[in-house]
Amino acid sequence: SFSQFVQTSNNFNFPAFTYNNGLDLTITGSSGVTGTQTGTIACVGEAASESRIITQGSGFTYAQNSRAITAPNMVVQTSVTHTMTTGSISVGALYGPTGGNVEFTTSTSAIFGSNTAYSLTVDGFFVNGATSTFNAPSSSGTFTWSPSLTADATADFDINGTYTHDSGLLTCSGSNARRFLAGSATYYNVTMSGSGVLTQSEAATIANVLTDSNNWTISGTTTTTLSGSGTPFVLSGTFTPGSASTVAYTGSSATDITGTTYYNVTANQSGTTFTQTGGVTANNNINITAGTWVKTDRAMTWPGTATVAGT
């Protein structure tokens with residue numbers, strides 16, 4: 001069951017539209033065609049949660065601009081360019097226990113515009129397909145990933161293509177167990193909150209500040225690189241380092257090393273002074289690869305190797 005709009009030639013305006021949950025709304029355009037959203041698109045009803053809004057068509061551009069979309073699920077298909085400025089997308093579990101999923105399929109040309117202050121709220125899975133480009137909201141926008149589904153034990157934030165942070169904040173909250181499949185991408189500010197455990201299982205770089213106010217776990221051999229200076233790791237919740245995981249501090253100017261327990265911890269930036277703000281325990285190794293590590297009167301504990309190439 002679906003509602004479908006197809007435009008094979010000429011640009012078009014897509015007006016305000018309301019459709020029923022349980023149906024798909026598919027907007028299709030041919031190559032070179034631009035469809036411009038001119039009003040709010042909203043799904044109504046809470047009986048089911050499989051309903052999707054789908055934009056599709058190789059070479060099709062869907063211009064959401066400053067308009068709003070509210071739906072159970074959203075799919076942007078292969079080779080579609082979806083642009084936004086200050087609009088909003090809310091994809092939510094309020095429609096049912098398995099809703100709230102956003103998927104950008106493989107080779108999607110570009111998702112949203114760069115340097116844009118839009119709002120994106122995702123209550124389920126967030127998937128960026130291989131070779132797709134996703135431009136996150138700028139510092140004037142909001143990006144909240146807040147899985148709270150009851151039907152799925154774990155929700156994924158899964159980056160396979162290109163993720164551009166645009167100096168914005170990614171807030172990871174929600175009550176479900178969550179997997180942060182970071183795709184070795186660079187994020188700017190990341191806040192980890194909510195009642196569910198968030199497990200990072202792929203490498204990530206945080207360019208400014210990582211805030212853990214709940215329960216963050218790094219699994220396996222995963223490396224988290226904190227390249228911000230000042231205090232790049234703000235810890236008020238629980239941090240659990242997985243066996244063989246590494247947290248690497250690489251700030252280009254004076255950088256605090258947060259007092260907590262790591263598996264491996266590394267300081268690596270020539271000319272930077274790294275200062276402990278509390279006792280540091282490494283369950284394996286401490287590596288001072290480059291820069292100066294200032295211990296002052298803080299405790300350092302490790303059972304493995306301390307490698308010092310810096311100071």
Side-chain angles (χ1 to χ4, degrees), residues 34-38 40-41 53 55 61-71 74 76 80-92 100-104 108-129 131-147 157-174 178 180-194 198 200 204-213 224-234 250-253:
T34 296
T36 301
Q37 185 177 328
T38 60
T40 296
I41 295 177
I53 178 170
T55 51
T61 296
Y62 185 79
Q64 184 180 338
N65 298 333
S66 61
R67 305 299 181 176
I69 291 177
T70 303
M74 181 176 182
V76 180
V80 170
T81 298
H82 188 123
T83 63
M84 287 182 70
T85 52
T86 57
S88 66
I89 295 176
S90 181
V91 181
N101 302 320
V102 172
E103 180 182 5
F104 307 132
T108 301
S109 298
I111 305 301
F112 315 139
S114 59
N115 193 29
T116 53
Y118 68 91
S119 171
L120 177 60
T121 302
V122 181
D123 285 350
F125 291 80
F126 179 86
V127 180
N128 185 38
T131 70
S132 293
T133 297
F134 171 71
N135 295 304
S138 68
S139 58
S140 299
T142 59
F143 185 8
T144 303
W145 176 53
S146 180
F157 185 97
D158 190 1
I159 301 298
N160 299 286
T162 299
Y163 180 100
T164 303
H165 62 65
D166 205 12
S167 300
L169 167 65
L170 169 63
T171 300
C172 305
S173 59
R178 297 153 292 161
F180 188 44
L181 307 173
S184 299
T186 297
Y187 304 81
Y188 191 69
N189 290 317
V190 177
T191 294
M192 300 176 177
S193 60
L198 190 150
Q200 179 187 338
T205 296
I206 314 299
N208 194 40
V209 178
L210 170 64
T211 301
D212 174 15
S213 60
T224 301
T225 300
L226 304 176
S227 60
S229 300
T231 306
F233 183 19
V234 178
T250 64
S252 60
S253 58

Q: Supply the atom-to-atom distance T186 OG1 to N208 CG, rounded to the nearest 0.5 angstrom.
A: 12.5 Å

Q: If you measure from CG on N135 to NE2 on H82, what distance do you get to the nearest 0.5 Å?
A: 12.0 Å

Q: Could you verify whether a donor N or O on one side chain and an acceptor N or O on the other, from S146 and S173, lie under 3.5 Å apart?
A: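 Side chains of S146 and S173: pair found under 3.5 Å.
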
Q: Do S119 and T142 get their side chains close enough for a donor-acceptor pair, meaning under 3.5 Å?
A: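 Indeed, the side chains of S119 and T142 share at least one donor-acceptor pair under 3.5 Å.
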
Q: Which pair of heavy atoms, one from S167 and one from S139, lies closest together, and at what distance?
A: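 The answer is O-CB, 3.4 Å.
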
Q: Between the side chain of N160 and the main-chain N/O of N128, is any donor-acceptor distance below 3.5 Å?
A: yes

Q: Determine yes or no for a side-chain-to-main-chain donor-acceptor pair under 3.5 angstrom, with R67 supplying the side chain and T38 the backbone.
A: yes

Q: Drop me the distance from L181's CG to D158's CG, to the nearest 0.5 angstrom.
A: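 So the CG of L181 and the CG of D158 are separated by 4.5 Å.
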
Q: Go through F157 and L170 one step at a time and tell me if the side-chain contact (heavy atoms from CB on, under 4.5 Å) criterion holds.
A: CA-CA 11 Å; F157 185 97; L170 169 63; 3.8 Å; yes

Q: Looking at every non-hydrogen atom in both residues, tell me the closest pair between T171 and S193 and how far apart they are.
A: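 Smallest heavy-atom distance, with atoms named: CG2-OG, 4.3 Å.
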
Q: Got R178 and W145 here, is their nearest side-chain heavy-atom distance under 4.5 Å?
A: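 When only atoms from C-beta onward are counted, W145 and R178 do touch, with a gap below 4.5 Å.
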
Q: Indicate yes or no: at least one non-hydrogen side-chain atom of Q37 is less than 4.5 angstrom from one of N65.
A: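 Answer no - side chains too far apart.
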
Q: If I compare all heavy atoms of V122 with all of V102, which pair ends up nearest, and what's the gap?
A: CG2-CG2, 3.8 Å

Q: Applying the ring-ring contact (aromatic ring centres under 6.0 Å, His included) test to F126, which of Y163, F180, F143 qualifies?
A: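 By the ring-ring contact (aromatic ring centres under 6.0 Å, His included) criterion, F126 pairs with just one of Y163, F180, F143: F143.
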
Q: Which pair of non-hydrogen atoms, one from T231 and one from V209, has the smallest distance, and what is that distance?
A: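 Between these two residues, the closest heavy atoms are O-CG2, 3.9 Å.
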
Q: List the atom of C172, the atom of L198, and the distance in Å for their closest heavy-atom pair.
A: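 Minimum heavy-atom contact is CB-CD1, 3.4 Å.
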
Q: Determine, stepwise, if the pair I89 / Q64 fulfils side-chain contact (heavy atoms from CB on, under 4.5 Å).
A: CA-CA 10 Å; I89 295 176; Q64 184 180 338; 3.5 Å; yes

Q: Does some side-chain heavy atom of F125 sit less than 4.5 Å from a side-chain heavy atom of E103?
A: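 Of all side-chain heavy-atom pairs linking F125 with E103, none is under 4.5 Å.
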
Q: At what distance, to the nearest 0.5 angstrom, does OH of Y187 lie from CD1 of I159?
A: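 Y187 atom OH to I159 atom CD1 measures 4.5 Å (nearest 0.5 Å).
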
Q: Hey, could you give me the OG1/CG distance between T224 and L210, rounded to the nearest 0.5 Å?
A: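 With rounding to 0.5 Å, OG1 (T224) is 7.5 Å from CG (L210).
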
Q: Indicate the atoms forming the closest heavy-atom contact of S66 with T86, along with that distance.
A: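 Taking S66 first and T86 second, the nearest heavy atoms are CB-OG1, 3.5 Å.
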
Q: Any donor and acceptor pair, going by atom type alone, linking the side chain of S229 with main-chain N or O of S252 inside 3.5 Å?
A: yes

Q: Is there a side-chain contact between V91 and N101 in this structure, where contact means two heavy atoms from C-beta onward sitting under 4.5 Å apart?
A: no

Q: With rounding to the nearest 0.5 angstrom, report the CG to OG1 distance, L226 to T250.
A: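 Between L226 CG and T250 OG1, I get 7.5 Å after rounding to 0.5 Å.
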
Q: When you measure from the side chain of T191 to the backbone of D212, do you find a donor-acceptor pair of N or O atoms at a distance under 3.5 Å?
A: no

